[in-house]
Amino acid sequence: MNEETVERVKLLSQENAQLRAELGSIKDRLANVERIVTDEAHGLTREIELLRSNPAN
């Protein structure tokens, strides 16, 4: 490999590492959003069931 090719491989490897790190961060954020959405949906379902079981309200 010539020097230009080696430099290009090095830059692409760095970019790849950065993209992998960013993807990992996005996966973590998505997992948090999914947890929030499902927790809130579960909580809402529980509240609705409580209202249904208490006809006085």
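For clarity, every value in this text was computed on a predicted model and none was experimentally measured. One is the number of the first residue; the rest follow in order along the sequence.
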Across all chains, not counting sequence neighbours, the side chain to side chain contact (heavy atoms under 4.5 Å, CB included) partners of R52 are I48, E49

(message) Between T5 (side chain only) and M1 (backbone N and O only), is there a donor and an acceptor less than 3.5 Å apart?
(response) no

Taken to the nearest 0.5 Å, the spacing of E47 CD from L50 CG works out to 7.5 Å

Taken in chain and number order and not counting sequence neighbours, the residues that satisfy side chain to side chain contact (heavy atoms under 4.5 Å, CB included) with N32 are R35

Please set out all donor-acceptor pairs under 3.5 angstrom arising from side-chain atoms of residues 14-29, sequence neighbours excluded.
from	atom 1	to	atom 2	distance (Å)
N16	OD1	R20	NE	3.3

